[in-house]
Amino acid sequence: MELPDLPSWPATVREAEAVQDRLRTCVDLTSPGPASVRTVAGLDVAYAEDRLAAAVVVLDLESLDVVEEIVVLDRPSFPYVPGLFAFRELPALIEGLRRLDVTPDLLICDGHGLAHPKRFGLACHLGVLIGRPAIGVGKTRLVGAYDEPGADRGSWSNVTDDDEVVGRALRTQTGVRPIFVSVGHRTDLETACDVTLRLTPRYRLPESTRRADRLSRRALTGR
């Protein structure tokens, strides 16, 4: 997959915050999303002490079969700082995307997009850096408030923060806890939720996330 070169990576919190403030003005919230989503890439990172494994798993959205998978072993590129988590993971994730032979239509991050204190979570940051449509699907809420959605699969409610809709709490399986979907870049919330439901025919989390999680953990443990 052809990607632009990464800019120089910040070394301090102040530098990272300056990059974040500059790049968040580049987030595209007006594009309606890909005209047709045939393939999606799930991205996830696992950690073991000072090592990480960044996994990218491309799925056919219709069959949910694996089209291609890549894992990159590396070390975190930035210390753990709340709100700046993307700086730890993006170099390895982008390297994984760069090694792909296919170009997925939509990137699905295990994390958040707009539903972030600075409206610039991992999915926004990744989408802006490589110029591709991206969404975030988080296991837990990071910011904002929401009403509990209905109990049935497909029920949802808006997540709002400072009177702004930043995402949705989406019930992917009847009677289970919702997950949290937000726009990252060059797509819309309707597309993000539709694709997420198509990726969750049996389980709470999208198959893209589940398989990337399994691949990253196996790379670190050998099991």
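Side-chain atoms of Thr30 and Asp28 include a donor-acceptor pair closer than 3.5 Å. Remark: the Asp60 side chain and the Ser63 side chain contain an N/O donor-acceptor pair separated by less than 3.5 Å.
Rounding to the nearest 0.5 angstrom, the gap separating the CG atom in Leu93 from the CD1 atom in Ile130 is 9.5 Å. Atom CG in Leu170 sits 4.5 Å away from atom CG in Leu197 (nearest 0.5 Å). A distance of 7.5 Å separates CG in Leu52 from CD in Glu89, rounded to the nearest 0.5 Å. Put simply, OG1 on Thr172 and CG on Leu199 are 10.5 Å apart, with the number rounded to the nearest 0.5 Å. The structure places CG of Leu29 at 10.5 Å from CG of Leu189, a figure rounded to the nearest 0.5 Å. One finds the CG atom of Leu114 at 11.5 Å from the CZ atom of Arg24 (value rounded to the nearest 0.5 Å).
For the pair Cys26 and Val128, the minimum side-chain heavy-atom distance is below 4.5 Å. Ile135 is not listed as a side-chain neighbour of Leu107, based on a closest heavy-atom distance of 4.5 Å or more. Annotation: side chain of Arg153 is in contact with side chain of Thr200 (closest heavy-atom distance under 4.5 Å). Contact annotation: the side chain of Glu17 approaches that of Val13 to within less than 4.5 Å [non-hydrogen atoms, C-beta and beyond]. With contacts defined as side-chain heavy-atom distances shorter than 4.5 Å, the pair Phe87/Ser77 does not qualify. Looking only at side-chain heavy atoms (C-beta outward), Val143 and His116 stay at 4.5 Å or farther from each other. Within the 4.5 Å cutoff, side-chain heavy atoms of Arg132 are placed close to those of Thr103. At least one side-chain heavy atom of Val66 sits under 4.5 Å from a side-chain heavy atom of Arg211.
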Check the pair His112, Arg141 against side chain to side chain contact (heavy atoms under 4.5 Å, CB included), reporting the backbone distance first and the verdict last. CA-CA 9 Å; His112 299 277; Arg141 174 179 57 88; 5.8 Å; no

Ring pair (Phe, Tyr, Trp, His ring centres under 6.0 Å) assessment of Phe78 paired with Phe85: CA-CA 8 Å; Phe78 198 79; Phe85 198 66; over 10 Å; no

Are Glu190 and Arg168 close enough, and set up right, to give a salt bridge (Lys or Arg N to Asp or Glu O under 4.0 Å), and what steps lead you there? CA-CA 10 Å; Glu190 292 293 338; Arg168 284 181 184 172; 2.7 Å; yes

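With respect to the salt-bridge test (charged N to carboxylate O, under 4.0 angstrom), the residues Arg98 and Glu2 do not qualify. By the 4.0 Å N-to-carboxylate-O rule, Arg177 lies too far from Glu148 to be salt-bridged with it. Taking 4.0 Å as the cut-off between side-chain N and carboxylate O, Arg75 and Glu49 do not count as a salt-bridged pair. Salt bridge Lys139/Asp110: present, at least one basic N to carboxylate O contact under 4.0 Å. Using a cut-off of 4.0 Å between Lys/Arg side-chain N and Asp/Glu carboxylate O, Asp44 and Arg217 are scored as not salt-bridged.
Between the side chain of Arg204 and the backbone N or O of Pro178 there is at least one donor-acceptor pair closer than 3.5 Å.
Between Phe120 and His125, the ring-plane angle classifies as tilted under the 30° and 60° cut-offs.
Hydrophobic clustering places Val67 together with Val72 (ILVMFWY residues linked when any side-chain heavy atoms are closer than 4.5 Å, directly or through intermediates).
At most 12 heavy atoms of other shown residues, nucleotides or ligands fall within 6.0 angstrom of atom CG in Asp147.
Within the cation-pi definition used here (under 6.0 Å to the ring centroid, within 45° of the axis), Arg210 qualifies as a partner of Tyr203.
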